[in-house]
Amino acid sequence: MQFEPQGPRYSVKNNQVLFQHWSIAFGNNANSGPRLYDLRFKGERIVYELSIQEAISVYGSNGPTGMVTRYMDGYFGIGRFVYHLVRGIDCPYFATYVDTHYLLDSDTYVRNKDSICIFELNSGLPLRRHSSALGSFYYGGLANTVLVIRSIATLGNYDYVFDFMFYQNGAIETKVHATGYISSSFYMEGGNNYGNRVGPHTLGTIHTHFINYKVDLDVGGINNSVVAHDMEFEAVKVPWSSEGQIQRTRLTKKVLENENQTAFGLHSSMPRYIQFASDKKNKWENERSYRIQMVSFAGDFLPETSPVHNAMNWAKYKLAVTKRKDEEPQSSSIYNQNDPWSPTVKFSSFINNENIKDEDLVAWITAGFLHIPHAEDIPNTVTAGNGVGFFLRPYNYFNEDPSVHSHDAVYFQPHESYNSCSTNPLACLRDTAACAPQLPEFSYNGFDNTFVAI
């Protein structure tokens with residue numbers, strides 16, 4: 001159990017949360033679900049809008065219902081079904097819980113009590129650390145504590161756990177986990193071509209999950225450009241020998257100048273570093289940037305020959321960057337489920353080769369995974385291994401890692417007392433967290449090893 005004996009280190013007032021250098025406005029759209037606005041680090045806006053747009057599932061089966069099932073969850077209302085969170089299971093027991101409200105199909109508003117939770121989480125992994133025994137002796141490290149804003153949408157049989165996480169180094173992680181129970185078909189001959197048998201008469205039917213996000217980055221200002229960095233090998237002769245040759249790693253750089261160049265299909269190659277770059281420079285004359293790093297295992301999307309392909313064709317792109325327009329606020333529509341053959345919003349129409357260099361830009365990011373249900377999905381699909389999302393990471397945005405200034409950081413050398421509170425705040429835990437029973441005394445023996453100083 002996580003406990004904060006001196007109270008939380010974040011504050012929540014109305015729909016704003018403050019945590020260390022972070023400031024975030026949060027909310028919930030009845031149709032599309034959780035959304036954040038005006039994400040700032042040290043007072044500078046990094047993201048104007050970070051929001052879920054749509055979640056879809058495409059099923060396969062040899063049964064008549066299962067083979068035509070295509071769910072577009074925005075139609076049902078992702079944010080509408082963000083329900084009460086259970087303390088100690090859905091969120092840490094001592095998290096801060098916030099109500100959400102919506103006005104839909106009623107003359108009065110509906111309140112979903114305690115449907116957003118906010119908490120600080122120690123991941124159990126150091127954000128950074130180094131123990132030096134080469135030339136000098138010291139230890140420096142920082143525990144990876146993050147702020148989490150979470151809500152869980154229960155859409156029929158599936159539960160989606162939506163997390164937004166904020167790191168002390170200025171990074172943002174967006175993640176969704178799927179749990180709940182599987183949709184199934186009656187098991188009959190040939191069923192194993194469409195999933196696995198999971199009960200006497202039950203076929204767990206194969207399906208895909210796709211979740212689309214809108215990320216309106218404002219890195220160093222409203223106008224940005226998309227820059228791609230990657231690597232290649234070049235054959236060069238070594239300077240000290242006319243006969244020697246090596247394969248040298250070289251950085252490649254390219255500015256992607258139009259929307260067509262930044263529309264990356266699910267299985268198309270994409271540079272491994274994609275960043276929104278400002279024309280402003282850091283101390284080292286690098287463009288201040290934020291990198292988009294995706295973690296996704298999406299299966300195939302519907303072929304273009306499908307008559308309902310256009311209703312959710314945002315899912316065929318793992319990343320697309322477009323010029324921001326008021327008339328393109330969302331990648332989908334609640335009406336697309338009703339008429340998928342002539343959809344109200346066809347996302348691919350957003351991509352029309354417009355210039356995106358030094359413009360106000362939006363990234364549309366798709367994360368997803370293929371789910372082939374199996375016996376262990378009974379009674380519920382587990383979250384372990386079923387999480388996808390993306391990071392927004394500073395890339396030359398700062399002059400150094402801003403977490404070096406964290407009050408949680410620890411640094412000490414052999415001649416210093418590592419049991420001193422001024423040197424090492426962890427040494428004081430026995431006093432500051434006296435409510436924790438039998439907290440062991442802090443100790444460190446890393447300097448007892450014998451090394452050769454160079």
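Using modelled atom types and a 3.5 Å distance limit, the side chains of T96 and Y10 yield a donor-acceptor pair. Residues Q168 and H407 have side chains that never bring a donor and an acceptor to within less than 3.5 angstrom of each other. No side-chain N or O of S306 forms a donor-acceptor pair with one of E304 less than 3.5 Å apart. Side chain to side chain, S348 and N313 meet the donor-acceptor criterion of an N or O pair below 3.5 Å. Between the side chains of D377 and H371, a donor-acceptor pair is found at a separation under 3.5 Å. Looking only at atom types and distance, the side chain of T154 has a donor-acceptor partner in the side chain of D159 under 3.5 Å away. Judged purely by distance below 3.5 Å, without hydrogens or angles, the side chains of E232 and T252 never pair a donor atom with an acceptor atom. For the 3.5 Å distance criterion, the side chains of T179 and N380 fail to qualify, holding no donor opposite an acceptor. There is a side-chain donor-acceptor pair under 3.5 Å between E49 and S51. In summary, the side chains of S289 and N396 do not present any donor paired with an acceptor at a separation below 3.5 Å, with no hydrogens or angles considered.
Looking at heavy atoms from C-beta onward, K214 lies in side-chain contact with V362 at the 4.5 angstrom threshold. Considering only heavy atoms from C-beta on, V404 comes within 4.5 Å of R128 through its side chain. By the 4.5 Å heavy-atom criterion applied to side chains, N338 and Y75 are counted as neighbours. Side-chain atoms of T145 and D408, non-hydrogen and from C-beta on, do get closer than 4.5 Å to each other. Using a 4.5 Å cut-off on side-chain heavy atoms (C-beta onward), I46 and Y290 make contact. Side-chain contact between L127 and L125 is absent, with no heavy atoms from C-beta onward closer than 4.5 Å. Within the 4.5 Å cutoff, side-chain heavy atoms of V176 are placed close to those of Y213. The closest side-chain heavy-atom distance from F347 to N336 is not below 4.5 Å.
Of the possible polar contacts, none joining the K316 side chain to the G265 backbone as a donor-acceptor pair under 3.5 Å is found. At least one donor-acceptor pair under 3.5 Å links the side chain of E416 to the backbone N or O of Q413. Judged by distance alone, with hydrogens and angles left aside, the side-chain atoms of Q16 form no donor-acceptor pair with the main-chain N or O of I24 at under 3.5 Å. Looking at Q337, its side chain does come within 3.5 Å of a backbone N or O of R70 through a donor-acceptor pair. Remark: side-chain polar atoms of S132 are not paired, donor with acceptor, to backbone N or O of F137 under 3.5 angstrom. Panel note: side chain T249, backbone F233; no donor-acceptor pair is recorded below 3.5 Å.
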Criterion side chain to side chain contact (heavy atoms under 4.5 Å, CB included) on E234 and Q247, from CA distance to verdict: CA-CA 5 Å; E234 60 178 0; Q247 299 294 325; over 6 Å; no
Derivation and outcome, side chain to side chain contact (heavy atoms under 4.5 Å, CB included), residues Y167 and N144: CA-CA 8 Å; Y167 290 76; N144 186 23; 3.4 Å; yes
Criterion side chain to side chain contact (heavy atoms under 4.5 Å, CB included) on T100 and S115, from CA distance to verdict: CA-CA 6 Å; T100 58; S115 49; 2.6 Å; yes
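Taking all atoms of both residues into account, the shortest heavy-atom contact from K318 to M294 is O-SD, 3.3 Å. Summarising the geometry of S333 relative to T344, their closest heavy-atom pair is OG-CB, 3.8 Å, with the distance given to 0.1 Å.
Between H229 and Y395, the distance from one ring center to the other falls under 6.0 angstrom. Between H207 and Y71, the distance from one ring center to the other does not fall under 6.0 angstrom. Checked against a 6.0 Å centroid threshold, the rings of H130 and Y139 do not count as neighbours. In this structure, W364 has its ring center under 6.0 Å from that of F350. Annotation: Y411 is in aromatic contact with Y138 [ring centroid separation under 6.0 Å]. A centroid separation of 6.0 Å or more is found between the aromatic rings of F119 and F94.
Looking at K323 and D360, no side-chain N of the basic residue comes within less than 4.0 Å of a carboxylate O on the acidic one, giving no salt bridge. Look at D279 and K281 and you find no salt bridge, because none of the NZ, NE, NH1 or NH2 atoms lies under 4.0 Å from a carboxylate O. Salt-bridge check for K325 with E359: failed, with every basic side-chain N at 4.0 Å or more from each acidic carboxylate O. Taking the charged nitrogens against the carboxylate oxygens, E120 and R9 do have a contact shorter than 4.0 Å, which makes a salt bridge. With salt bridges taken as basic N to acidic carboxylate O contacts below 4.0 Å, one links R150 and D163. Of the charged side-chain nitrogens involved, at least one lies within less than 4.0 Å of a carboxylate oxygen, so that R40 and D38 count as a salt-bridged pair.
Figure legend: cation-pi geometry between R288 and Y397, with NZ or CZ positioned under 6.0 Å from the six-membered ring centre and within 45° of its axis. At least one cation-pi condition fails for R80 and Y102: the charged atom is not both under 6.0 angstrom from the six-membered ring centre and inside a 45 degree cone around its axis.
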